[in-house]
Each structure stands twice: as structure tokens, then as C-alpha cells.
Amino acid sequence: MKIQGSEALIKCLLEEDVDIIYGYPGGAIMPVYDSLYYYQEQLNHILVRHEQGATHAAQGYARSSGKVGVAIATSGPGATNLITGIADAQIDSTPLVCITGQVASNLLGSDAFQETDIIGISTPITKWNYQITKASEIPKILAKAFFIAKSGRPGPVLIDITKDAQFELMDFSYSKHQNLRSYNPDPKPQLNTIDNAVELINSAKKPFIVFGQGVILGNAEVEFKNFIEKSGIPSAWTILGLSALPTDHYLNVGMVGMHGNYGPNVLTNECDLLLAIGMRFDDRVTGNLDYYAKQAQIIHFEIDPAEIDKNVIADVAILGNIKQTLPKVTQKINNNNHKKWLGKFRELNQIEYSKVIKNDLYPSKQKLSMGEVINEINLATNGEAIIVTDVGQHQMVACRYSKFNQSKSSITSGGLGTMGFALPAAIGAKMGAPSREVIAIIGDGGFQMTIQELGTIFQTGVPIKIVVLNNDFLGMVRQWQQLFFDSRYASTEMINPDFVAIAKGYFIESSKVSKREYLKERIHKMVKSTKPYFLEVIVEKEENVFPMIPTGESVSNIRLN
């Protein structure tokens, strides 16, 4: 029996084991929503309040579940509202399939109502995109979309479907893609590069690992842990690599980058061998490349050939999924430890603790600090929660001080730095990992960028916990203005509404704390709640985040104050 293209699309999603999609209906996608009406028991559609929320929620779902996130929108403004989330997913390697409706094929190029060239707009920020104009194309294109999105280095794919293709009748059959001609997502490692790497690792006196999200995306946490424990190499994480290794692991020496830890940043320029594992040498990690690890030999483990030698020239490049490549190296390296070298990280950590960390976690000031809020959340969750962070000072503090025992526990907007990410992403993260506690840490600025998604929380009842750290400033920009623009606070002070009243307007249990003696009790009450909960915490207004590497400087020039 022939079916409409719109129903074929739904059947394709079910064939790919999709159980949740995030979207917002409109004219050009209405046939798909009409077909979805008959599949509500098999496919849960989450009605967001803005299409950007759909992409961020799909990102959160993908990051916590390890599956492909799906977002759907109509043409024109519906499609363009997806763009920020798609760009975010592209730079953070998050697998998404975004589906947009489009005007009928005979109207393409005529500036019809709500027509936008979403293929042209999205080409630079997608792994692949395609416009479907015939119903018969739907199965093969959707199969290709899911395969591309999740294979190799993951990323977002956008499929645009004209309205007449949604109505057109077709014979349906579906088969998943296992490979595509001329597309090689998992390059096979060359044995000579592995042998070269083993030689460098065995002879190094001061080796150092920087690991990124590639460990998580490759499901290689066990292989990575085996490698570092056999090699004895101190290991630091990028912001997206956080939680791939338990926070309290004896070889975990902290975070690299602009607001990373003192030891791993300084000692980057003292190591004799730098192993980059599943990371891309982002500028926030390297600082000024003219002074980055020039004394060290470089081994780069990477699945995407485009990242090799892009920013930092590698002496040895090992291409492939590290789940396959790391064990080959582990098998051949010597059992080792680098106690004296590891001791240098410990020494510098003590300096950072006395000058920065102690004051952040146990401040003597009357006002609450961001760090002590994160510390109380750690105590209340025992390091078992998923922490979803927005972008700004609170993000850096949360990433620095959150404790994690398992992978896929830290979800944030890394490469694009999208304010407004956390609230919808936390919704998706909870749906992707329903048995885990999910807590969104958000600043007062970012919260107001997607505050409408409180409506999604109210309608779905998804029991996420929201903590807004309110300093009445766009804190990160204000910090830069203080340090580099003579404290000219141009357009960074916020006049904020009553956040608790707004949350209560959405029937979400809410409270506010500004005094230290109430902080622990409020956080424990929030964590124990089985329903959505909103907590506003009034923190120090002009608190700064240190350590900090000023823009354009070497990682060695990291400042503690």
C-alpha cells in the first residue's frame, strides 16, 4: 500500500530507533505533524517554545544518551531559528539530524511565503545537507543522514523536504546505511605510526596527555584509562573532555585552557612529549601558538584527518577511532610511572589551591561565591549528577570544580560558546538519561536567552534542576572590561526580573538564597525533589574567575590574580 512522504519520514525515524524528537510545527511541515499524530505512542514529540530550544535539547539528548538527536521545524523563520544550535553541534561534534519543511517545489526560488534557502544557509555549519523534492527520495536520504551524523567524527545533518514531497504517495522500504562510497569516517591506523608513537612514549621523561571529547565520542573511556595507567602519564582535559576520566583519578591533573588549572597549563611548556588524544588544539587551549609546547614532540590521536597539523604540527599522527588505536599502543608500551614529574603538577596545584581554589570554595567574604555553590552541589550529588552548563563565568567555575565519577556527565557549549544553551540542553539530557540527576548551572544573562523553555518543562514535567547564579552582570564580559578596559562596564550590568516569580508562573517549585547559612539546605531540598525545581542563588557581584590566560599570551603566562 502506498503511503504519503510525510508518513514515510516518520517510519524512517522509527527504523533508526528514534524515540524522541524536539520541534515546533508550522505550515510547511504540517503534513509531517499530521502523520506524527498517528504515531504518538511510538515517537514522543516534545513541543519546545522556540526552534533554537529544539536543537539545544536534541544536543543535550545526544550528549547524554550517545544517540543521534532529532529536531524538526517549519520553513523560513522556523528553519533559520535552528541555525545557532546546528552551528553549536557542528563545532562540538554532536550528532544531530535536523528536518525542515520547505515550500512546494514549484515555488522554490520565487520568494514564496516563508521560503528561505536553508540549504545555502546551513552548508557551512553542517556535516551534510540535502533538499528532498520527491517522496521516493525520503528513505535513502534519511538513512544516509543518520549514517553521516553518527559515523566517524559526529556532526549535524540537515534535511529540507518540500511540502509536495510530503504529500506525494510512494512505496515504502527502508535499509540502514553501513557505508558510503568515497566517505571514509574511520580511517585505519598505520602500523608504522603506532610503532613510532610507542618509541617516543617509552623514551619520554616528562610526557603529558591532553585529552578531549574524542574519548567520549569514541566510547573509549576504558581504553583510555588502561593506557594512562600503564604509561603513568599525567593527563589533563579540555572543557569537552571533562568526565571522560573520573575527577579524582590519581593521574587526572585538571583542566587546560584559558581558565584551566595552573599546573597543566604551565607544564605544557616543560613536557618533552605531548600526547593530544581526541582534541583539536583549540585556541582557548593553546593560547599563543608561537609559544605552545615548542620544546615537546607531539603525538596526535585523531579521527578527523582535517585536524592533523591544522593548528599544531604533529611529529606522529595516529588516525582513527581511539577505541581501536589506543589499545594497539597500550599493548606495546612499557609499564611506567613518572612520580617525580607528576609531583611537579601536585606542587603547582598546591600553589593554585592556596591562591585561588581555597578562596573560591571557602570564601571569607559575606557574599556567596560561585565556587562554593558548585562545591555544595558536589556534596549533595556525590559526583553522580549530569551537570549542564551555560556560557560565562559560571561555566568556567562549574567545569573547574564539578566532581564526576562517570562519563557523559558534563554537557556544555564549548566551541561556539552559546549563551542560552543550558536550559533546553538540560531538558534533552534528562530525557536521554532519565535515571540520572540533571542539574543546569546558568548565569542570569544566559538564562534569559531561552527562558521560554520553562514552558517546555511545565508541559512535559521533565524533572530537571535549574540553578541560576545571579550576579546582576554579564560576568565574563565584565571581568574582561575590568582587567583590560579600565573597568569601563559598557552594557554589562543587568537589571533582572523576579526569576522566582517567573518560574512559579510556570508552576515550577522555586526558591532563592542569598545567605550562606541557607545554601546547603536549599541545594539538598532541590536535589531531593522528584519534580522540576528552580533555585536562584545571589552571588558576589564582581567576582572574577582565575587562573586566566590573557588573550594572545602563552599558556606559561597564566595569571593567578
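Values reported hereafter were calculated over all heavy atoms of this structure, with side chains retained and with hydrogens, waters and symmetry mates removed. Bear in mind that the values here come from a model prediction, so they are computed numbers and not experimental data.
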Trainee: Does atom CD of Glu517 have more than 12 heavy-atom neighbours, drawn from other residues, nucleotides or ligands, at distances under 6.0 Å?
Mentor: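 Yes, the 6.0 Å shell around CD holds more than 12 heavy atoms from other groups.
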Trainee: What's the separation between atom CG in Asn378 and atom CD in Glu372, rounded to the nearest 0.5 Å?
Mentor: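 That separation rounds to 12.5 Å.
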Trainee: Testing the basics here: between Gly420 and Thr450, what is the closest heavy-atom pair and its distance to 0.1 Å?
Mentor: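 Closest approach of Gly420 to Thr450, heavy atoms only: O-OG1, 2.8 Å.
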Trainee: Which of these, Glu536, Lys512, His394, sits in a side chain to side chain donor-acceptor pair (under 3.5 Å) with Asn470?
Mentor: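 For Asn470, the side chain to side chain donor-acceptor pair (under 3.5 Å) test succeeds with only one of Glu536, Lys512, His394, which is Glu536.
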Trainee: So, are Glu493 and Lys541 salt-bridged, with charged N and O less than 4.0 Å apart?
Mentor: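 Yes.
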Trainee: Work out which heavy atom in Gly263 is nearest to a heavy atom in Glu352; give both atom names and the distance.
Mentor: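 Result for this residue pair: N-OE1, 4.4 Å.
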Trainee: What are the two closest non-hydrogen atoms of Asp390 and Phe421, and how far apart are they?
Mentor: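 The pair with the smallest heavy-atom distance is OD1-N, 3.0 Å.
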Trainee: Counting neighbours of NZ on Lys225 that are heavy atoms of other residues, nucleotides or ligands and sit closer than 6.0 Å, is the number greater than 12?
Mentor: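 No, NZ of Lys225 has 12 or fewer neighbouring heavy atoms, counting only those of other groups under 6.0 Å.
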Trainee: Hey, is OH on Tyr506 packed in by over 12 heavy atoms from elsewhere, all under 6.0 Å?
Mentor: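 Buried by this count: over 12 neighbours within 6.0 Å.
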Trainee: Is it true that a side-chain atom of Arg478 and a backbone atom of Glu543 form a donor plus acceptor pair closer than 3.5 Å?
Mentor: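 Yes; at least one donor-acceptor contact below 3.5 Å.
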Trainee: Is Phe485 atom CZ crowded by more than 12 heavy atoms from other residues, nucleotides or ligands, each under 6.0 Å away?
Mentor: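 No, CZ of Phe485 has 12 or fewer neighbouring heavy atoms, counting only those of other groups under 6.0 Å.
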Trainee: Nearest heavy-atom pair of Glu540 and Asn471: which atoms, and what distance?
Mentor: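 Scanning both residues completely, I find the closest heavy atoms to be O-CB, 3.5 Å.
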Trainee: Other residues, nucleotides and ligands only: do more than 12 of their heavy atoms fall within 6.0 Å of OH on Tyr489?
Mentor: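 Above 12, so yes.
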Trainee: For Arg436, is the CZ atom crowded, meaning more than 12 foreign heavy atoms sit under 6.0 Å from it?
Mentor: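 Enclosed.
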Trainee: Can you label the angle between the Phe281 ring and the Tyr292 ring as parallel, tilted or perpendicular, going by 30° and 60°?
Mentor: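 Correct class here is perpendicular.
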Trainee: Could you pull out the closest heavy-atom pair between Leu368 and Arg516, with the gap in Å?
Mentor: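 What the structure gives for the nearest pair is CD2-CA, 3.6 Å.
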Trainee: Which atom names give the shortest non-hydrogen contact between Val500 and Ser511, and what distance separates them?
Mentor: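 Nearest heavy atoms, Val500 then Ser511: CG2-O, 3.7 Å.
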Trainee: Do the numbers put Arg522 on top of the ring of Tyr518, so that NZ or CZ is under 6.0 Å from the six-membered ring centre and no more than 45° off the axis?
Mentor: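 Ring-cation test returns yes.
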Trainee: Apply the ring pair (Phe, Tyr, Trp, His ring centres under 6.0 Å) test between Phe345 and each candidate in Phe208, Tyr262, Tyr250; give the one that qualifies.
Mentor: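 By the ring pair (Phe, Tyr, Trp, His ring centres under 6.0 Å) criterion, Phe345 pairs with just one of Phe208, Tyr262, Tyr250: Phe208.
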Trainee: Aromatic contact between Phe447 and Phe534, with the criterion being ring centroids under 6.0 Å apart: yes or no?
Mentor: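 Aromatic pair counts; centres sit under 6.0 Å.
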Trainee: Out of curiosity, Gln395 CD to Ile387 CD1, how far, rounded to the nearest 0.5 Å?
Mentor: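 Nearest 0.5 Å value for the CD-CD1 distance: 13.0 Å.
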Trainee: State whether the number of non-hydrogen atoms from other residues, nucleotides or ligands found under 6.0 Å of Lys358 atom NZ is greater than 12.
Mentor: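 At most 12 heavy atoms, drawn from other residues, nucleotides or ligands, come within 6.0 Å of this atom.
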Trainee: State whether Glu347 and Lys344 are salt-bridged, where the test is any N-O pair (Lys NZ or Arg NE/NH1/NH2 against Asp/Glu carboxylate O) under 4.0 Å.
Mentor: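 Judged by the 4.0 Å cut-off on N to carboxylate O distance, Glu347 and Lys344 do not form a salt bridge.
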Trainee: So how far is it from Lys465 NZ to Ile508 CD1, rounded to the nearest 0.5 Å?
Mentor: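 Answer rounded to 0.5 Å: 12.0 Å.
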Trainee: Assess, by modelled atom type and distance only, whether the side chains of Gln406 and Ser409 contain a donor and an acceptor separated by less than 3.5 Å.
Mentor: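 Gln406 vs Ser409: no donor-acceptor pair found between side chains.
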Trainee: Other residues, nucleotides and ligands only: do more than 12 of their heavy atoms fall within 6.0 Å of OH on Tyr24?
Mentor: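 It does not: Tyr24 OH has 12 such atoms or fewer within range.
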Trainee: Quick one: do Arg559 and Glu553 make a salt bridge, cutoff under 4.0 Å?
Mentor: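 No, no charged N to carboxylate O under 4.0 Å.
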Trainee: I'd like to check the salt bridge (Lys or Arg N to Asp or Glu O under 4.0 Å) partners of Asp290; sequence neighbours left out, ordered by chain and number.
Mentor: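 Checked Asp290 against salt bridge (Lys or Arg N to Asp or Glu O under 4.0 Å); zero matches.
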Trainee: Rounded to the nearest 0.5 Å, how far does CD1 of Ile303 lie from CD1 of Ile308?
Mentor: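 It comes to 11.0 Å.
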